Protein chains: 2
Amino acid sequence: MLQKLDIITLGLLRQGPHTGYDVRRWLNRYGWALGYSAQTSQIYRQLGRLVERGWAASTPDPRGSGPDAKLYALTEDGREAFEAWVDSPYQPAERPMDPDFQVRMYFSRHRGPATLLELVRMELRFRRAQHDRRVPLDAGLIGTGTGPRADSGDADDAAWALEASLLLESRGRLLAATLIAWLESAEDRLAHLAAALPAPSPSPDPLPDSASRKAETR
Amino acid sequence: MLQKLDIITLGLLRQGPHTGYDVRRWLNRYGWALGYSAQTSQIYRQLGRLVERGWAASTPDPRGSGPDAKLYALTEDGREAFEAWVDSPYQPAERPMDPDFQVRMYFSRHRGPATLLELVRMELRFRRAQHDRRVPLDAGLIGTGTGPRADSGDADDAAWALEASLLLESRGRLLAATLIAWLESAEDRLAHLAAALPAPSPSPDPLPDSASRKAETR
DNA sequence: CCCCGCTATTCCGAGAGTGGAACGGCGTGG
DNA sequence: CCACGCCGTTCCACTCTCGGAATAGCGGGG
């Protein structure tokens, strides 16, 4: 199975040849929107893996300063593997905040609104069902039966512990509700767009180039 | 350094002896509030690690059905290691949705509101700063300069790609804003509670027992 | 003049996590 | 009676990820 970093590297290389450093810069800057980040070492390892699998090839690219850069470009196999992934079935992740969905959405967008609409709908269905299944935390705190409590502190402590847990639980519920709300509005938007332009076609877009360098948002 | 699962197992065992299955059940049920989940195999491995380090000891506990269960209990060293972690400095994670904060909050709650208040404030400061540093995604899509664009599709495609990216970006911003809002309200709440009860004291609380079994919320 | 930050890549050990599968006995509902 | 779900543990082969350090040359600011 293809991992997140597989997709990200393939997806970025699909837009044209890039160096490991380009990928790193892109991730440091925009990774937040995907909820993903990666160590430098990992990125280069990943690019190495792509070459091993024959999905990318690197050509040396001399730079004015420092060591030569390696420009990685997708091979035909790589392109095929990537497109095969886009067509592969999507299974929403258990953890709602995992990058899976965002990665899928970002790197499937060249297929047009209809594809994304389907994706969003699948995610929405899954998250709604998941949301309904949630068991309140306090049940885990209070306990409903058998075990005779060992040594519960005074009532104040128990009350405080419950309070704290409920606070934390509210975080989860709030974020889940927000996520669902966003999915709903995205569904709306995409439905309109899909109706407007029915024909999809692939097109590349660039990574941030060195001209717009500055802070790497670390 | 202690990992999340280290903390979770230590924190749960601190409340009294439990089997690997108990931990698994707890995680499946309530892990969502922490944004964390783990494979069964991993839990047992983790418990084994605790024993290796001398932080827990297991005693066989014959059950009516199936194989004997192993009841894991914290040792004195384990308790110390756990409390040392509670006192250790907290460094917010890069990725806002990583379980780090929630784990910290949940398993520090026995220290009382003041501790959590400090924790929440640290997290809040960090997330606000991070939020301000975000670079809009479209800058990464449009590109500002040097590289001559290879073959950009027609304007429609570019417009659509931007549209899709902005949609995804709005998800990130919305969730970040929601998270910050929650942190603010939590700060409020904790400030009140801390003012009300100044004296902290540790107290245990139970895992969900078998009486309240039912669905494991998968 | 010196230090810092940016570009750019490489290497490595350790262990965390994935994604199953296997086994067995009990109780329950159909 | 049979199937299924619950309880409970174990094992495995990877693969991914973490974290840090090392190297190097250039340019700019103080």
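Residue numbers start from 1 in every chain, and the chains themselves are labelled A, B, ... in the order their sequence lines are given, proteins ahead of strands. Both backbone and side-chain heavy atoms feed into the values below; hydrogens, waters and symmetry mates do not. This one's a predicted model, so the numbers in the text were calculated from it and none came from an experiment.
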request  = Could you check which of D/dC16, C/dT18, D/dT9 has an atom nearest any side-chain atom of B/Y44?
outcome  = D/dT9

request  = Nearest whole angstrom, please: distance from the P of D/dC7 to the CG of B/D61.
outcome  = 15 Å

ask   = Should A/K70 be listed as having a side-chain N or O under 4.0 Å from OP1 or OP2 of C/dT10?
value = yes

ask   = Quick one: is A/T40 getting a side-chain N or O under 4.0 Å of the C/dT9 phosphate, OP1 or OP2?
value = no

ask   = Are B/E83 and B/H110 linked by a side-chain donor-acceptor pair shorter than 3.5 Å?
value = yes

request  = Kindly confirm or rule out a cation-pi arrangement of A/R133 over B/W32, judged by NZ or CZ under 6.0 Å from the six-membered ring centre and within 45° of its axis?
outcome  = no

request  = Could you check how far CD of A/E52 sits from C1' of D/dC16, rounded to whole Å?
outcome  = 14 Å

query = Taking CG from B/L47 and C1' from D/dT10, how many angstroms apart are they, rounded to a whole number?
reply = 13 Å

Between B/S88 and B/R104, a side-chain donor and acceptor under 3.5 Å = yes

key: Side chain A/R45 and base C/dT10 donor-acceptor under 3.5 Å   = no

message = Counting only side-chain nitrogens and oxygens, does A/Y36 get under 4.0 Å of the OP1 or OP2 atom of D/dC16?
response = no

task = Let me know the distance between CH2 of B/W26 and P of D/dC7, rounded to the nearest Å.
result = 17 Å

D/dG5 to C/dA21 separation - P atoms, rounded to the nearest Å = 16 Å

query = Counting side-chain heavy atoms from CB outward, which of C/dT7, C/dA16, D/dT9 is closest to A/Y21?
reply = C/dT7

request  = With the side chain of B/Q3 defined as its heavy atoms from C-beta on, choose the nearest nucleotide among C/dA16, D/dC16, D/dT9.
outcome  = C/dA16

key: P gap between C/dA22 and D/dC7, integer Å   = 22 Å

ask   = Does a nitrogen or oxygen in the side chain of A/Q39 sit under 4.0 Å from OP1 or OP2 of D/dG20?
value = no

request  = Test for a donor-acceptor pair under 3.5 Å between the base of C/dG17 and the side chain of B/S41, counting only N and O atoms.
outcome  = no

Electrostatic pair A/R128:A/E184 at N-O distance under 4.0 angstrom = yes

message = Rounded to whole Å, how long is the line connecting atom CD1 of A/I43 with atom P of C/dC11?
response = 16 Å

inquiry  = Looking at D/dT17, I'd like to know if its phosphate oxygens (OP1 or OP2) sit under 4.0 Å from a side-chain N or O belonging to B/R95.
reply    = no

inquiry  = Under 4.0 Å, counting only non-hydrogen atoms across every strand here, what does B/Q46 touch: a base, just sugar-phosphate, or nothing?
reply    = nothing

ask   = Rounded to the nearest Å, what distance is computed from the CG atom of residue A/D98 to the P atom of nucleotide C/dG19?
value = 10 Å

task = With the side chain of B/Q42 defined as its heavy atoms from C-beta on, choose the nearest nucleotide among C/dT7, C/dG17, D/dG8.
result = C/dG17

request  = Calculate the interatomic distance between B/R49 atom CZ and C/dA14 atom P; express it in whole Å.
outcome  = 15 Å

task = Please test A/W26 against A/Y36 for ring pair (Phe, Tyr, Trp, His ring centres under 6.0 Å), starting from the C-alpha separation and ending with a verdict.
result = CA-CA 11 Å; A/W26 189 89; A/Y36 188 83; 9.7 Å; no

key: Between C/dG15 (C1') and B/L5 (CG): distance, integer Å   = 12 Å

Distance-only polar pair, side chains of A/R127 and A/Q130, donor-acceptor under 3.5 Å = yes

ask   = Below 4.0 angstrom from OP1 or OP2 of D/dT10, is there any side-chain N or O of B/R24?
value = no

